[in-house]
Number of protein chains: 2
Amino acid sequence: MDKISRSPAMTDVARLAGVSHQTVSRVLNDHPNVKEQTRIRVRAAIAELGYRPNRAARALVTGRSQLIGVVARNSTLYGPATMLSEFEQAAADAGFAVSVGSVRELDRSSMGAVVERHLDQRVAGLVVIANTASAVEALAEIPEDLPVVFIDGDPASGRPGVTVDQVAGARAATRHLLDSGHETVWHVSGPTDWFDSAGRIQGWRQTLEEAGREVPPLLSADWSAAEGYRTGQMLARMPEVTAIFTANDHLALGILRALSERGRRVPHDVALVGFDDVPEAAYFIPPLTTVRQAFGDVARAALGLLLGQMGDEAGTARQIVVPPQLVIRESAPSPAR
Amino acid sequence: MDKISRSPAMTDVARLAGVSHQTVSRVLNDHPNVKEQTRIRVRAAIAELGYRPNRAARALVTGRSQLIGVVARNSTLYGPATMLSEFEQAAADAGFAVSVGSVRELDRSSMGAVVERHLDQRVAGLVVIANTASAVEALAEIPEDLPVVFIDGDPASGRPGVTVDQVAGARAATRHLLDSGHETVWHVSGPTDWFDSAGRIQGWRQTLEEAGREVPPLLSADWSAAEGYRTGQMLARMPEVTAIFTANDHLALGILRALSERGRRVPHDVALVGFDDVPEAAYFIPPLTTVRQAFGDVARAALGLLLGQMGDEAGTARQIVVPPQLVIRESAPSPAR
DNA sequence: AAACCTGATGTTATCGATAACATTTCGGCA
DNA sequence: TGCCGAAATGTTATCGATAACATCAGGTTT
């Protein structure tokens, strides 16, 4: 690398400012015990040379980069996209870059490979969106001293993590439909190996049982409108089905279409509650009653927990549970309307 | 850092295998001129020690990390989320990690800050999703020797980039509606300072003018279902409006709701074409005719272009234009149905 | 047999930053 | 004025990898 075209390093700044390279480092890292006059001189030299720190050099010495690794399943859904976006913003505000590693399947091998890549980069911490038990298994290889936070992991685990209270969300949705006068509530779930799905199923089932209502057979699906349409075509054929709670808003959209095709009016004939509150939910026909997950809050809480681990190991091995919120719109209006 | 807990380095592998550290490097980087027997010995030592390469060390020496920086506006929309996801997958397959930097606004200051962060990391290349002219301005500070690819940039610029042919997509949508017997076509655009919006407006306007049809006033919006609903409330009040082309599917969803509220049947009274083909579009009521953008293709083409710049500077200063595809569904059926 | 070339491997230097330890300077107190 | 302690700054070492250059061994050709 030719001397003329080499980027200026700290030693160049030091020479120009007439100090040691260590003092330049002290100025850049806001060390105490540096005279203000010295700081000014160093900063002027930095500006004059257009010096840019090399994070790789710092990472090499400290053993930790200024990167946070995210491990997530490849998804274009609103929830994951929102969390990633909010997380990146919050991390940037805290001085970290975010490196994303995604997997096509939540299996041990795929996730293990992503974790390896992050470890090679000597990430300062990891955030793992671990929706299933098999995803969690993959993480056995993470060094014990590396800060890790789980999002949407197993609520019953002892690991540091942030989850939305899926059971409470499902209870609110189901309770709302029962309070509106429905005999029982049908549920279309997401993939049943996902912790989120399990929590929603549990909340739905508990609420029905506690109310002494019949628990209808579960319709299991994935997260797509296509699967909502498929299950909706079955539900629309059953006259006794007057209330449906779906595991997400896209499932609800598919069901809306199936009901429409069979002349089942919403909410007149069938009331419908979704889950997530994607921005479009308010513009479905009719606007969707749904359970809002505060994805942004989840992301920011996860970062807080991770930074806590990085700074002070005590008291951060905990789970933060973010409350969901029932948002009532026309697809399942309030009782006594 | 205590000698007992220090991760094994190349020198440790070398000692165990009885070779120099340089030979270990050669084995790991698939250099020619290493005996197979030596390779086997080194690999066994690597496995025994659980050696993990330190990417920071490599980045320091080479001046380039194995990271690709992405600069994008903070968005949870399907298009950007898909492109990011596909890009990350393709980059990982090529041996790169992806560091995401997002901005709340497409302005010079925000984008400049994100670029700075990437440059500090000594990224190997940049991918910039630069939807507006002001976003492009922010990138004047990028060193000339750093590989850069633009996505959704200015189609008229000479910079390496990948875009979808917005004009062609809009032409296809508008032509489809005219061919279905509509006198003219109304257009609800996205933000007009976006290149994508401008291309769609241009394609719509051109097609109408060439057909000798009246060009109705433009309704300008953002990308949300809420704005679709707002403009839809106006359009639903005009009996002469029989055909609408929207800048994206979410706008179309909002319009569907507004039309429904005023008893305007789709497609009987008003035909509707969206843009994007989000997965849910097929499950709107009715299923949406739309223009599909092959977001995955865009992402993979962008990576190809970037890798080309990294490997061989010649012949890669070009624009790849990905064709869109009209997807006909019930909201605007084919003519002669 | 000697010289040359190529394959295989090793030694030395370097990247740019922080850690660790050392030295100097300054201010306050006796 | 001298001593001590703290502030301020400097020197040396290190991180773990690749680049650059050097050396050795074996085979082929003259």
Side-chain angles (χ1 to χ4, degrees), chain A residues 1-43 45-46 49-67 95 119-122 124, chain B residues 1-43 45-46 49-67 95 119-122 124:
Chain A
M1 199 173 285
D2 182 78
K3 192 175 275 271
I4 289 179
S5 62
R6 187 181 56 87
S7 300
M10 228 174 248
T11 47
D12 302 305
V13 176
R15 199 170 313 147
L16 184 62
V19 297
S20 71
H21 68 273
Q22 182 67 64
T23 297
V24 175
S25 180
R26 289 187 181 114
V27 171
L28 281 170
N29 291 302
D30 289 316
H31 269 247
N33 301 334
V34 182
K35 279 179 182 161
E36 190 57 31
Q37 275 228 347
T38 306
R39 286 189 195 273
I40 287 165
R41 203 159 76 241
V42 169
R43 289 204 175 105
I46 285 166
L49 288 175
Y51 164 79
R52 170 184 308 290
N54 186 334
R55 303 298 182 195
R58 183 189 177 121
L60 183 55
V61 174
T62 60
R64 284 278 185 258
S65 66
Q66 279 154 293
L67 278 173
L119 295 180
D120 286 355
Q121 295 279 353
R122 303 307 195 262
Chain B
M1 198 170 286
D2 181 80
K3 193 174 275 275
I4 291 180
S5 63
R6 188 181 57 87
S7 301
M10 228 174 247
T11 47
D12 302 305
V13 174
R15 201 169 307 136
L16 184 62
V19 297
S20 72
H21 69 274
Q22 182 66 67
T23 297
V24 175
S25 181
R26 287 186 183 115
V27 171
L28 280 168
N29 291 299
D30 289 317
H31 270 247
N33 300 337
V34 181
K35 279 178 178 159
E36 191 56 33
Q37 274 228 349
T38 306
R39 283 186 197 275
I40 287 164
R41 205 159 75 240
V42 170
R43 290 204 175 105
I46 285 165
L49 288 174
Y51 164 78
R52 170 183 308 289
N54 187 333
R55 303 297 181 197
R58 182 190 178 123
L60 183 55
V61 173
T62 60
R64 284 277 185 259
S65 66
Q66 280 154 293
L67 278 174
L119 295 180
D120 286 355
Q121 296 278 354
R122 304 302 195 266

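To find a chain, count down the sequence lines: A is the first, B the second, and so on, and within it residues start at 1. Computation of the quantities below employed the complete heavy-atom set of this structure, encompassing side-chain atoms and omitting hydrogens, waters and symmetry-equivalent molecules.
Between the side chain of A:His21 and the base of D:dT9, no donor-acceptor pair under 3.5 Å is found.
Taken to the nearest 0.5 Å, the CZ atom of A:Arg58 stands 12.5 Å off from the CG atom of A:Leu60.
Closest non-hydrogen pair, B:Ala59 versus B:Ser65, comes out as CB-CA, 3.7 Å. In this structure, B:Pro53 and A:Arg122 approach most closely via the heavy-atom pair O-NH1, 2.6 Å. Scanning both residues, A:Val27 and A:Val34, for their nearest heavy atoms gives CG2-CG1, 4.0 Å.
Contacts with DNA chain D (heavy atom under 4.0 Å) in residues 22-35 of chain A: A:Gln22, A:Thr23, A:Arg26, A:Asn33, A:Val34, A:Lys35, listed by number.
Between the P atom of C:dA8 and the CD1 atom of B:Ile40 lies a distance of 14 Å, rounded to the nearest Å. In this entry the distance linking CZ of B:Arg6 with C1' of D:dG16 reads 9 Å, nearest Å. Atom P of nucleotide C:dA17 and atom CZ of A:Arg52 are separated by 12 Å, given to the nearest angstrom. To the nearest angstrom, C1' of D:dG16 lies 6 Å from CG of B:Asn54. The distance from atom CD of B:Gln37 to atom P of C:dT9 is 10 Å, rounded to the nearest whole Å. Residue B:Arg39 contributes atom CZ, which lies 14 Å from atom P of C:dG7 at whole-angstrom precision. The interatomic distance linking A:Arg64 (CZ) with D:dG16 (P) rounds to 13 Å, in whole Å. Protein atom CZ of B:Arg55 is 10 Å distant from nucleotide atom P of D:dA17, rounded to whole Å.
The terminal axes of the helix from C:dA1-D:dT30 to C:dA30-D:dT1, fitted over 5 pairs per end, subtend an angle of 50° to the nearest 10°.
Between the side chain of B:Arg55 and the backbone N or O of A:Asp120, no donor-acceptor pair lies under 3.5 Å. Remark: the backbone N or O of A:His21 is not paired with any side-chain donor or acceptor of A:Thr11 at under 3.5 angstrom. Judged by distance alone, with hydrogens and angles left aside, the side-chain atoms of B:Arg41 form a donor-acceptor pair with the main-chain N or O of B:Ala17 at under 3.5 Å.
Taking 4.0 angstrom as the limit, A:Arg122 places none of its side-chain polar atoms (N or O) nearer than this to OP1 or OP2 of D:dC15.
Counting only heavy atoms from C-beta on, B:Ala57 has its side chain closest to D:dG16 among D:dT18, D:dG16, C:dT18.
A:Thr38 comes within contact range of the sugar-phosphate backbone alone, with a heavy-atom separation under 4.0 Å but no base atom that close.
Mapping B:Gly18 and B:Leu60 onto DNA chain C by nearest heavy atom places B:Gly18 at the nucleotide closer to the 5' end.
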### Task
Apply side chain to side chain contact (heavy atoms under 4.5 Å, CB included) to B:Val24 and B:Arg15, showing your working.
CA-CA 10 Å; B:Val24 175; B:Arg15 201 169 307 136; over 6 Å; no
Criterion side chain to side chain contact (heavy atoms under 4.5 Å, CB included) on B:Leu28 and B:Met10, from CA distance to verdict: CA-CA 10 Å; B:Leu28 280 168; B:Met10 228 174 247; 3.7 Å; yes
